[in-house]
Q: 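Sharing a structure here in structure tokens format.
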Amino acid sequence: QADQLQKAVLFRDEHFLAINKPAGLAVQGGTKTLQHLDGMLAALQFDAPEPPRLVHRLDKETSGVLLLARTADAAAAVSAAFQNNTSLHVDR
């Protein structure tokens with residue numbers, strides 16, 4: 001499963017990962033949800049010092065691009081952008 005998850009990566013830099021989340025995969029665990037992305041984040045750690053962080057969700061049956069933050073600072077910036085309905089610019 002880790003291999004399939006790594007193949008789903010569409011974009012990766014030092015701040016973010018974007019993955020193509022398939023329909024049927026829950027983003028977070030819950031009652032009777034044994035398999036979920038939140039429990040597999042270590043497979044997406046690659047060369048980062050810690051696993052990526054969820055910054056938003058897609059419903060289990062929804063497929064689409066899911067953004068993950070690779071650092072605490074990136075996660076905070078995305079959360080603030082979502083909360084304030086603003087765009088996000090990351091200097092490279």
Q: Check whether any side-chain heavy atom of Leu17 lies under 4.5 Å from a side-chain heavy atom of Phe46, and answer yes or no.
A: yes
Q: Under the rule for salt bridge (Lys or Arg N to Asp or Glu O under 4.0 Å), what residues qualify as partners of Lys32, not counting sequence neighbours?
A: none
Q: Using every non-hydrogen atom in the two residues, find where Ala69 and Val55 come nearest and quote the distance to one decimal.
A: CB-CG1, 3.7 Å
Q: Are the side chain of Gln28 and the backbone of Asp38 linked by a donor-acceptor contact shorter than 3.5 Å?
A: no
Q: Indicate the atoms forming the closest heavy-atom contact of Ala23 with Ser63, along with that distance.
A: N-CB, 3.6 Å
Q: Using only atom types and a distance under 3.5 Å, with no angle test, would you say the side chain of Lys21 pairs donor to acceptor with the backbone of Ala26?
A: no
Q: Taking atom CG of Leu25 and atom CE of Met40, what is their separation to the nearest 0.5 Å?
A: 4.5 Å
Q: If you group Ile, Leu, Val, Met, Phe, Trp and Tyr by side-chain heavy-atom gaps below 4.5 Å, do Leu41 and Phe16 land in one group?
A: no
Q: Can you name the one residue among Leu10, Leu67, Leu44, Val65 that meets side-chain contact (heavy atoms from CB on, under 4.5 Å) with Ile19?
A: Leu44
Q: Does CD in Glu61 sit with more than 12 non-hydrogen atoms of other residues, nucleotides or ligands closer than 6.0 Å?
A: yes
Q: For Arg53, which residues count as a salt bridge (Lys or Arg N to Asp or Glu O under 4.0 Å) partner, sequence neighbours excluded?
A: Glu50
Q: Any non-hydrogen side-chain atom of Leu54 less than 4.5 Å from a side-chain atom of Leu68?
A: yes
Q: Which atom names give the shortest non-hydrogen contact between Glu14 and Thr71, and what distance separates them?
A: O-CG2, 3.9 Å
Q: What heavy-atom pair brings Ala43 and Ala2 nearest, and what distance separates the two atoms?
A: CB-CB, 3.6 Å
Q: Not counting sequence neighbours, which residues clear side-chain contact (heavy atoms from CB on, under 4.5 Å) with Ala48? List them please.
A: Gln45, Arg70
Q: Might you point out which heavy atoms bring His15 and Ala74 nearest each other, and give the distance in Å?
A: O-CB, 3.5 Å
Q: What pair of heavy atoms forms the shortest contact from Val9 to Arg12, and how long is it?
A: CG1-CB, 4.1 Å
